Amino acid sequence: MRRLRIGVLAIDGMLLSSLGAVVDTLLIAQRIADIQMPGLVRFESVLVAAPGRSGVRTADGTQLATPEGDAEADLDLLLVPGLIHSSPSQLFGSAKAYRPEIELIARAHATGIALASACCGTFLMAEAGILDGRRVTISWWLGAAFRLRYPQIQLQADDLLVEDGNLITAGGGSAISDLLLRLIAKHAGAPLAQMTARLRLHDPDRMSQAPYVCEALIERPRSSLGERAERVLQEAVQADWGIAELATRLGTSERSLLRHFRQHYGQTPLAHLQHLRVERAKALLETSLLSLDEVVERCGYRDTSSFRRLFKRATSMTPGDYRERYRLRRH
């Protein structure tokens, strides 16, 4: 019998859906497996607490009783859930309070237990010191702050799932469902994962967080140059400026500007400008009836076909597909 026993790390402030998604998804997968391959697969989920934690409260105040003893000793995988937080700085400031959980993560990793994280759970794994040099993802709105705090970690913020050895990290929100389907497929085969996705009405083909990104919700470290750069770049969305023009308007050198953007954004100023143009295009596709040529013109481009390629590269969707899925509808 193939077994997958997932332990969900109990943490004060955790999202209740992180636990519920694991329990419900594995329960559904088990029911299907009992019909299609009886006796061959066993899925289990348990709540795991750090030593000394007799109980935790979820983000909505639900009290969870935690089991006593060394529950992580018999796990196949430990999942670090997402937490409610008001800002990246508030999340990072909570590291001391979560020291017992961070130590449990490090201990589980040292003993060879596979690890997974959902949403901002990647932060706790980073604090445990087990992600240096590894490829990970995290909730898209935390990407900029995470990259600055942990420059030694290879962040792939647009990816929905990133698997690196015995570590797998998921992006924000419902990406935990994609993570669970990936684990089911690995342990019991793709057909079972696909059937589970159908019963949960979940699109199993999602690969990226990029279509969901909203630049206005991303908190970036504050700096004089950064704030001036954001203002100038917003003005440049419809302009055809190069790096030299941007540096001149900001009163800085090209080298300083490039260094600042690589440190705070993980990309060049021109790449960020293209990202802002895609953001404007997304807003226009969602809220207006403008033709694609008109949208492209308002985003500072003249060649519709090249912008279509840029848009698909940035969002993993064509402009037409994006408009069909995300345009505002009457309810």
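Just so you know, residue 1 is the first one in the sequence shown, and it goes up from there. Not measured: the values here are computed from a predicted model.
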Colleague: Please report the closest heavy-atom contact between Leu284 and Arg323, naming both atoms and the distance.
Modeller: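 So the minimum-distance heavy-atom pair works out to O-NH2, 3.7 Å.
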Colleague: Can you confirm whether Leu83 sits close enough to Leu124 that some side-chain heavy atom of one is under 4.5 Å from a side-chain heavy atom of the other?
Modeller: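 Contact flag for Leu83/Leu124 side chains = yes.
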Colleague: Taking atom CZ of Arg134 as the centre, does the number of heavy atoms from other residues, nucleotides or ligands within less than 6.0 Å exceed 12?
Modeller: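 Enclosed.
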Colleague: Under the 3.5 angstrom rule, does the side chain of Gln36 hit a backbone N or O of Ala33 as a donor-acceptor pair?
Modeller: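 It does not hold such a pair.
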Colleague: Looking at the rings of Phe123 and Phe146, which for Trp means the six-membered one, are their centres under 6.0 Å apart?
Modeller: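 No: the rings miss the under 6.0 Å criterion.
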Colleague: Would a single hydrophobic cluster contain both Leu27 and Met195, if residues Ile, Leu, Val, Met, Phe, Trp and Tyr are joined by side-chain heavy-atom contacts under 4.5 Å?
Modeller: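 No, no single cluster joins them.
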Colleague: Within the side chain of Gln154, is there an N or O that forms a donor-acceptor pair under 3.5 Å with the backbone of Gly133?
Modeller: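 Yes, the answer is positive, given that a donor and an acceptor are paired below the 3.5 Å cut-off.
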Colleague: With the side chain counted from C-beta on, respond yes when Asp76 and Ile6 share a heavy-atom pair under 4.5 Å apart, and no when they do not.
Modeller: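 Asp76 vs Ile6: side chains apart.
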Colleague: Look at the side chain of Thr66 and the backbone N and O of Ser54, then say whether any donor-acceptor pair between them is shorter than 3.5 Å.
Modeller: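 Yes; judged by distance alone, with no hydrogens or angles, the pair exists.
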Colleague: Are any of the side-chain nitrogens in Glu286 or Lys282 under 4.0 Å away from the carboxylate oxygens of its partner?
Modeller: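 Between Lys282 and Glu286 there is no salt bridge, as every charged N stays at least 4.0 Å from the carboxylate O atoms.
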Colleague: Are the side chains of Val162 and Ile168 in contact, using a 4.5 Å heavy-atom criterion?
Modeller: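 Side chain of Ile168 against side chain of Val162, heavy atoms only: no contact under 4.5 Å found.
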Colleague: So which atom in Cys299 and which in Arg280 form the shortest heavy-atom distance, rounded to 0.1 Å?
Modeller: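 Closest heavy-atom pair between Cys299 and Arg280: SG-CG, 3.8 Å.
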Colleague: Going by atom types alone, do Thr248 and Glu245 pair a side-chain donor with an acceptor below 3.5 Å?
Modeller: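 There is no such pair (donor and acceptor under 3.5 Å, judged by atom type) between the side chains of Thr248 and Glu245.
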Colleague: Mind checking whether Leu15 and Leu161 sit in one hydrophobic cluster, side chains of I, L, V, M, F, W, Y counted as touching below 4.5 Å?
Modeller: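 In one cluster: no.
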Colleague: Are the side chains of Ser316 and Pro211 in contact, using a 4.5 Å heavy-atom criterion?
Modeller: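 Pro211 reaches Ser316 side chain to side chain.
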Colleague: Among residues at least two apart in sequence or on other chains, which ones pass side-chain contact (heavy atoms from CB on, under 4.5 Å) with Ala210?
Modeller: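 Ala210: side-chain contact (heavy atoms from CB on, under 4.5 Å) contacts with Asp158, Ser208.
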Colleague: One thing to verify: whether Arg3 and Asp74 come together as a salt bridge, which I'm taking to mean a side-chain N less than 4.0 angstrom from a carboxylate O.
Modeller: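 A salt bridge links Asp74 with Arg3.
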Colleague: Can you name the closest pair of heavy atoms from Gln209 and Gly172 and give their distance?
Modeller: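 That closest heavy-atom pairing would be OE1-N, 3.0 Å.
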Colleague: Scan side-chain atoms only and decide if Gln267 and His272 contain a donor-acceptor pair under the 3.5 Å cut-off.
Modeller: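 On atom types as modelled, these side chains qualify, holding a pair under 3.5 Å.
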Colleague: Given side chains that start at C-beta, do those of Arg147 and Pro151 come closer than 4.5 Å, heavy atoms only?
Modeller: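 No, every pair of side-chain atoms sits at 4.5 Å or beyond.
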Colleague: Test of understanding: with side-chain contact (heavy atoms from CB on, under 4.5 Å), list the residues that count as partners of Gln274, not counting sequence neighbours.
Modeller: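 Gln274 satisfies side-chain contact (heavy atoms from CB on, under 4.5 Å) with Tyr301, Leu310 once adjacent residues are dropped.
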Colleague: State whether the side chain of Thr318 and the backbone N or O of Asp321 hold a donor-acceptor pair below 3.5 Å, judged by distance alone.
Modeller: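 Flag set: sc Thr318 to bb Asp321 pair under 3.5 Å.
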Colleague: Step by step, would you call Glu297 with Arg302 a side-chain contact (heavy atoms from CB on, under 4.5 Å)?
Modeller: CA-CA 6 Å; Glu297 183 179 354; Arg302 297 184 180 88; over 6 Å; no
Colleague: What verdict does the side-chain contact (heavy atoms from CB on, under 4.5 Å) test give for Val46 and Leu75, after you've listed the backbone C-alpha separation in whole Å, the side-chain angles of each residue and the deciding distance to 0.1 Å?
Modeller: CA-CA 9 Å; Val46 293; Leu75 296 180; 3.7 Å; yes
Colleague: Report yes or no: do Leu160 and Tyr326 belong to one cluster of Ile/Leu/Val/Met/Phe/Trp/Tyr joined by side chain heavy-atom distances under 4.5 Å?
Modeller: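 Shared cluster, no.
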Colleague: For atom CE of Met207, is the number of surrounding heavy atoms from other residues, nucleotides or ligands below 6.0 Å larger than 12?
Modeller: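 Open.
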Colleague: Just one of Pro81, Ser177, Ser45 clears the side chain to side chain contact (heavy atoms under 4.5 Å, CB included) bar with Val22, so which one?
Modeller: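 In the set Pro81, Ser177, Ser45, the residue that makes a side chain to side chain contact (heavy atoms under 4.5 Å, CB included) with Val22 is Ser45.
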Colleague: Less than 3.5 Å apart, any donor N or O on the side chain of Glu127 or Tyr150 sitting next to an acceptor on the other?
Modeller: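 Glu127 vs Tyr150: donor-acceptor pair found between side chains.
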Colleague: Which word best sums up how the rings of Phe311 and Tyr322 line up, parallel for under 30°, tilted for 30 to 60°, or perpendicular for over 60°?
Modeller: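 Ring orientation of Phe311 relative to Tyr322: perpendicular.
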Colleague: So Leu104 and Leu9, do their side chains get closer than 4.5 Å, heavy atoms only?
Modeller: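 In short, these two side chains touch, coming nearer than 4.5 Å.
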Colleague: Do Arg57 side-chain atoms and Gly61 backbone N/O form a donor-acceptor pair below 3.5 Å?
Modeller: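 Side chain of Arg57 to backbone of Gly61, a donor-acceptor pair under 3.5 Å: yes, one is there.
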Colleague: What distance do Met14 atom CE and Thr62 atom OG1 have between them, rounded to the nearest 0.5 Å?
Modeller: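 Between atom CE of Met14 and atom OG1 of Thr62 there are 10.5 Å.
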Colleague: Which atom pair, heavy atoms only, marks the closest approach of Ile153 to Ala126?
Modeller: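 Looking at all heavy atoms of both residues, the shortest contact is CD1-CB, 3.7 Å.
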Colleague: Just jot down the ring-ring contact (aromatic ring centres under 6.0 Å, His included) partners of Phe43, sequence neighbours excluded, or say none.
Modeller: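 By the ring-ring contact (aromatic ring centres under 6.0 Å, His included) rule, Phe43 matches no residue at all.
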Colleague: If you take all heavy atoms of Leu257 and Pro269, which pair is closest and at what distance?
Modeller: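 Heavy atoms only, the tightest pair is CG-CG, 3.8 Å.
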Colleague: Under 3.5 Å, side chain of His109 to main-chain N/O of Ile105, donor-acceptor pair present?
Modeller: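 No; zero donor-acceptor contacts below 3.5 Å.
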Colleague: Under a 4.5 Å cut-off applied to non-hydrogen side-chain atoms, are Gln63 and Thr58 in contact?
Modeller: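 With C-beta onward as the side chain, the pair stays apart.
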Colleague: Please check: side-chain N/O of Asp164 versus main-chain N/O of Arg135, any donor-acceptor pairing under 3.5 Å?
Modeller: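 Such a contact is found between Asp164 side chain and Arg135 backbone.
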Colleague: Suppose the criterion is salt bridge (charged side-chain N to carboxylate O under 4.0 Å, His left out): which pairs have a residue in residues 174-196, not counting sequence neighbours?
Modeller: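 Sorted result for residues 174-196: Glu163-Arg182, Glu163-Lys186, Asp178-Arg206.
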Colleague: Could you pull out all residues at least two apart from Thr304 that satisfy side-chain contact (heavy atoms from CB on, under 4.5 Å)?
Modeller: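 If we apply the side-chain contact (heavy atoms from CB on, under 4.5 Å) test to Thr304, skipping adjacent residues, the hits are Leu292, Asp293, Val296, Arg308.
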Colleague: Can you run down the side chain to side chain donor-acceptor pair (under 3.5 Å) pairs that involve residues 113-123, sequence neighbours left out, and say none if there aren't any?
Modeller: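 Passing the test, one end in residues 113-123: Ser117-Thr122.
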Colleague: For Thr196 and Leu192, indicate whether the former's side chain and the latter's backbone hold a donor-acceptor pair under 3.5 Å.
Modeller: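 Pair found, side chain donor or acceptor close to backbone of Leu192.
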Colleague: Quick one: pull up CG in Leu285 and CE in Met317 and give me the separation to the nearest 0.5 Å.
Modeller: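 Those atoms lie 10.0 Å apart.
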Colleague: Looking only at atom types and distance, does a side-chain atom of Gln30 sit under 3.5 Å from a main-chain N or O of Val41, one as donor and one as acceptor?
Modeller: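 At least one qualifying donor-acceptor pair exists.
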Colleague: Return yes if some donor-acceptor pair links the side-chain N/O of Ser253 with the main-chain N/O of Ser256 below 3.5 Å, else return no.
Modeller: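 Yes; at least one donor-acceptor contact below 3.5 Å.
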Colleague: Locate the shortest heavy-atom distance separating Val56 from Asp12; write the atom from each residue and the value.
Modeller: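 Taking Val56 first and Asp12 second, the nearest heavy atoms are CA-OD1, 3.3 Å.
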Colleague: Using a 4.5 Å cut-off on heavy atoms from C-beta on, say whether the side chain of Leu19 contacts that of Leu47.
Modeller: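 They are in contact (side-chain heavy atoms under 4.5 Å apart), so the answer is yes.
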